[in-house]
Amino acid sequence: MWRGAARRVLRGGGGGSPRAVSAAAAAQLRRRLESELEDIRGAGTWKSERVIASRQGPHVHLAGGGAGILNFCANNYLGLSSHPEVIRAAVEALEKFGTGLSSVRFICGTQSIHKDLEEKITRFHHREDAILYASCFDANAGIFETLLTSEDAVLSDELNHASIVDGIRLCKANKYRYKHVDMQDLEAKLQDAQKYRLRLVATDGAFSMDGDIAPLREICQLAQKYDALVFIDDCHGTGFLGPNGRGTDELLGVMDKVTIVNSTLGKALGGAAGGYTTGPKPLIDLLRQRSRPYLFSNSLPPPVVGCASKALDLLMESNAIAQSMAAKTQRFRSKMTAAGFTISGKDHPICPVMLGDARLAAVMAEDMLKRGIYVIGFSYPVVPKGRARIRVQISAVHSNEDIDRCVEAFTEVGRKRGALP
Ligand code: PLP
């Protein structure tokens, strides 16, 4: 379309007519975008997308060849994305409730399955109520603006997920950014924030780039001391951390001290899409009245609701799947450490293999794919300079043989590329 408009100008359609002006603007925009894209390529930070031609799972087919690739880079922690019962529940919901509502929740977009899922999420997290969103990104975009005003303060870990950062940007509260999991810094900032009406500490439960877990016990103690509330985004904890998979707050014994939990249905809980907030009933009621991503966006499609609902049923029946994932995580972490690699974090299925050098991370990830193992290298600006890594994510549906194959390939590639002696 832009090319067409530019051509019309070249053919003499110019002369200051509105069309010529917009064609010139379009051409200028095109040049600017191309130069920006070139800068991204030049900086070596271009993200290309591999195309998967099969279901998500421990073994995937890549488009254009590459069958039976071992996949270690999905957030499919419990392997529920392709679980037969989860798929069946999605199909049943599709048949009974249709493809979607063509509406937001408060007009005519609420079905019985939405209410049932909200009730299940509430029970799962032992909270008072829950509200669904199209994504956790939306849940994070909606919460801070609804809850906080310029009379309040929000204190956020510097490594919080982009969606928390954006959600906080949208609100008018006084903003503090404390150093990553640094309790001294958080305390200093809580002291400064005493002048405000309400203080909210916001943190990821588990941090997705490092596989480390927020010190929630200490955060809750500080919150108690300085009369603050605690919010967690538990996208990388819900479904598998803690004795019953309730999340980071259960793992650290502070379920009764964390006031608000936001999480996703798009990772461990079936992997389709969707997010939610769970917490005190009046907060959830207020979100339904005021939260913009909830009020002005379509309700979750029935098949998505069906599969998340079934995933929660499975997890509330038994924690065997989560335990199996924990055992495999342990196997990978201990074998890789014995092989001489440094794995960041502790006990979490996000296992970042720390390499330091960005090029090394990129070439090793390529070498791994040549050996049939799909992992991704992360470098600056996604992680700090000099802290490049390959992030491996373990799933309950990896077999012990899959884990061992991955460790063997890492060892071979690491030796070849000089990452191991
Ligand atoms: N919060 C964290 C910590 C995440 O890792 C993600 C997804 O990458 C999100 C929020 C967004 O979740 P969703 O995919 O449901 O929007």
Side-chain angles (χ1 to χ4, degrees), residues 47 49 56 73-78 80-81 117-118 121 124-125 130-145 154 156-170 177 180-181 201-214 216 219 230-241 247-249 251 258 260-279 287 291-294 297-301 303-305 307-309 311-312 344-345 348-352 376 378 381-383 389 391-395:
K47 292 176 225 35
E49 297 173 4
Q56 184 61 281
C73 46
N75 301 304
N76 184 22
Y77 298 116
L78 299 177
L80 298 183
S81 317
L117 179 55
E118 285 170 343
I121 291 169
F124 183 78
H125 284 282
I131 175 173
L132 288 170
Y133 285 88
S135 68
C136 185
F137 204 111
D138 278 354
N140 287 342
I143 182 90
F144 300 101
E145 192 189 19
V154 56
S156 170
D157 187 292
E158 65 180 347
L159 293 192
N160 275 345
H161 189 260
S163 53
I164 301 180
V165 174
D166 283 8
I168 289 176
R169 266 193 208 147
L170 290 171
R177 202 163 160 253
H180 181 49
V181 302
V201 181
T203 180
D204 278 15
F207 291 85
S208 61
M209 282 299 138
D210 292 276
D212 59 336
I213 289 172
L216 285 185
I219 289 176
V230 178
F231 158 96
I232 62 171
D233 168 333
D234 217 14
C235 283
H236 296 279
T238 301
F240 55 92
L241 289 185
T248 318
D249 55 345
L251 178 74
V258 171
I260 307 163
V261 180
N262 275 11
S263 196
T264 184
L265 304 172
K267 300 194 196 298
L269 301 186
Y276 57 86
T277 296
T278 184
L287 288 167
S291 175
R292 293 166 69 83
Y294 179 82
S297 188
N298 229 21
S299 58
L300 271 186
V304 169
V305 175
C307 83
S309 194
L312 283 168
S344 167
H348 196 281
I350 293 174
C351 304
I376 295 277
F378 288 94
V382 181
V383 294
R389 66 204 63 185
R391 187 175 71 171
V392 173
Q393 288 171 285
I394 306 296
S395 168

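Numbers here are sequence positions counted from 1. Every number for a ligand or one of its atoms is a count from 1 in the order of the listing.
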* Chi angles and distances behind the side chain to side chain donor-acceptor pair (under 3.5 Å) call for His180, Asp210 -> CA-CA 11 Å; His180 181 49; Asp210 292 276; 5.3 Å; no
* **Close N or O approach (Cys136, ligand 1; < 3.5 Å)** =>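 Yes.
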Under 4.0 Å from any heavy atom of [X], which atoms of ligand 1 are there?
{"X": "Ser163", "value": "1 (N), 10 (C)"}
{"X": "Gly274", "value": "15 (O)"}
{"X": "Lys267", "value": "4 (C), 5 (O), 6 (C), 7 (C), 8 (O)"}
{"X": "His236", "value": "3 (C), 4 (C), 5 (O)"}
{"X": "Asp204", "value": "3 (C)"}

* **Ring geometry between Phe240 and His348 (parallel below 30°, tilted from 30 to 60°, perpendicular above 60°)** =>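 It falls in the perpendicular class, over 60°.
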* Have a look at Asp204 and tell me which of Asp233, Asp234, Thr248, Asn262 forms a side-chain contact (heavy atoms from CB on, under 4.5 Å) with it. => Asp233
* To do: Run through Thr264, Ile143, Leu287 and flag the one making a side-chain contact (heavy atoms from CB on, under 4.5 Å) with Tyr133.
  =>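 Among the candidates, only Leu287 passes.
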* **Atom pair OH (Tyr276) and CG (Asp138), whose distance is rounded to the nearest 0.5 Å** =>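 Atom-to-atom, Tyr276:OH and Asp138:CG are 15.0 Å apart.
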* Asked: Can a non-hydrogen atom of Ala273 be found less than 4.0 Å from any atom of ligand 1?
  -> no
* **Option whose closest heavy atom lies nearest to atom 1 (N) of ligand 1, chosen from Asp233, Thr264, Asn160** =>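 Checking each option, the heavy atom nearest atom 1 (N) of ligand 1 is found in Asp233.
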* Using salt bridge (Lys or Arg N to Asp or Glu O under 4.0 Å) as the criterion, list what pairs up with Arg391, not counting sequence neighbours. =>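 Not a single residue meets the salt bridge (Lys or Arg N to Asp or Glu O under 4.0 Å) criterion with Arg391.
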* To do: Tell me, with the steps shown, if Ile164 and Asp157 meet side-chain contact (heavy atoms from CB on, under 4.5 Å).
  => CA-CA 10 Å; Ile164 301 180; Asp157 187 292; over 6 Å; no
* What residue and atom, counting heavy atoms only, is the protein's closest point to atom 9 (C) of ligand 1, and at what distance? ->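 Looking at atom 9 (C) of ligand 1, the protein heavy atom closest to it is His161 CE1, 3.4 Å.
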* So which heavy atom in the protein is nearest atom 16 (O) of ligand 1, and how far is it from that ligand atom? -> Phe137 N, 3.0 Å
